[in-house]
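All remarks here apply to the structure that follows.
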Amino acid sequence: MQFDFDKLIERRGTHCVKWDKPMADDVIPMWVADMDFEVAPAITDALRKRVEHGVFGYVAVPDEFFQATTGWFDWRHQWHINHDWIQYTIGVVPALAVIVRALTCPGDKVMIMTPVYNCFFSAVQNNDRQLVECPLIYEDATYRIDFDEMERKMCNGEVKLLILCNPHNPACRVWTVDELKRIGDICRRNGVMVLSDEIHCEFVYPGHQYTPFASIEGHQEFTVTCVSPSKAFNIAGLQTALIVCANSEWRNRIDQVLCASEVNMLNPFGVEALIAAYNYGAAWMDALNDYIYGNYQLLHDTFASHLSHLTVTRLEGTYLAWVDCRVMGMTSEQLTQHLLDNARVMINSGSIYGMPGEGFIRINLATQRSRVTEALNRMIPVLKG
Ligand SMILES: Cc1ncc(COP(=O)(O)O)c(C=O)c1O
């Protein structure tokens with residue numbers, strides 16, 4: 001293999017949330033969405049060159065940054081973005097809060113499709129907007145959208161914004177063109193804006209295809225998209241994210257909130273890493289997808305052989321496995337504690353993604369195969385009963 005994803009990297013002692021927060025040395029951390037792999041060599045080379053310069057003052061974001069972004073989405077995802085549609089900020093989570101503030105008013109209703117990434121809740125509630133949930137339907141180890149419920153909850157004109165997660169964390173879905181069109185039709189009919197968080201867009205497995213929501217004909221007029229190389233290329237600590245919006249009036253409003261919140265500056269490392277990732281990272285990304293899918297297959301087959309009372313949700317995208325443990329009769333918090341105490345494996349509790357996540361657990365698969373194997377061996381006796 002050209003890239004060695006099996007290489008064990010010691011992350012403890014590097015001020016790393018994922019590994020240093022659990023504290024105990026015997027814990028395998030499979031929680032926060034952060035990968036244990038070294039980044040693509042092109043990124044390390046670009047950063048090394050930048051470090052060797054030795055001066056790290058304020059950054060003027062260069063044209064290359066925008067060209068690398070538009071080029072990547074153009075050839076890899078057939079999404080044609082104009083350079084001037086792009087704004088940058090320090091993370092997708094800050095971007096979500098900024099966009100909610102820019103496009104809606106206090107008290108407005110914002111819809112999310114639960115279970116969903118926990119910061120969708122805080123982006124709405126911490127900004128004094130009201131949450132409206134449109135729960136996904138769980139059936140046959142996968143999720144689908146309740147379009148009737150979505151329409152019913154939007155039709156009185158009170159919902160102003162839908163926050164979409166495409167691909168969806170933690171539901172493991174990569175929404176199809178047909179599903180995205182139906183969401184778009186319902187939103188357009190009811191005057192609802194769409195904020196599409198597409199941070200997981202590079203993790204897509206055989207048989208599935210990521211489609212940018214805004215790339216569908218007619219969608220770009222009412223859509224703001226957030227993307228970032230952070231999740232895909234494992235550079236979340238470099239704090240670089242992009243907001244893509246074709247609507248110039250909305251862009252002005254977003255720009256005002258970005259400036260007022262003072263989150264409109266990037267750091268030199270994030271800029272260099274993005275350029276290297278989008279210009280030279282494709283082969284690494286493809287190899288990584290194969291590796292992570294192998295981890296998923298291992299987890300899936302292990303559960304099927306040893307823990308068949310639990311259901312592993314079919315993984316179409318993201319590197320986060322989602323397991324239905326409701327038959328065990330424990331809350332997600334109890335399951336999380338049980339796995340930590342007795343298997344020394346740290347996972348995320350499903351209930352942090354909303355009530356429909358209760359009884360589920362989320363397992364981060366972006367680690368070396370030997371660690372996944374060890375974690376599964378420890379989990380089998382603990383989850384057996
Ligand atoms: C859907 C989604 N959006 C955003 C983020 C985090 O984005 P950032 O680190 O750029 O703030 C995550 C991290 O897991 C995520 O799953």
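If you're wondering where the values come from, they're calculated on a predicted model, not measured in any experiment. We count ligands from 1, going down the list as the structure has it; atoms in each ligand are counted the same way.
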Relative to the ring of Phe233, is the ring of Trp72 parallel (under 30°), tilted (30 to 60°) or perpendicular (over 60°)? perpendicular

Between the protein and ligand 1, are there any N or O atom pairs that come within less than 3.5 Å of each other, and if so, what are their names and distances?
from     : atom 1 : to     : atom 2 : distance (Å)
ligand 1 : 3 (N)  : Asp197 : OD2    : 2.6
ligand 1 : 10 (O) : Val92  : N      : 2.7
ligand 1 : 11 (O) : Val92  : N      : 3.2
ligand 1 : 11 (O) : Val93  : N      : 3.0
ligand 1 : 14 (O) : Lys231 : NZ     : 2.9
ligand 1 : 16 (O) : Asn169 : ND2    : 2.8
ligand 1 : 16 (O) : His200 : NE2    : 2.7

Min side-chain heavy-atom separation Tyr319-Asn295 under 4.5 Å: no

So, Arg76 and Glu202, do they make that salt bridge, N to O below 4.0 Å? yes

Using a strict threshold of under 4.0 Å (side-chain N to carboxylate O), is an ion pair present between Arg182 and Asp185? no

Any side-chain to backbone donor/acceptor pair from Ser261 onto Val263? Under 3.5 Å, distance only. no

Can you check whether Cys201 reaches Phe73 side chain to side chain, under 4.5 Å on heavy atoms? yes

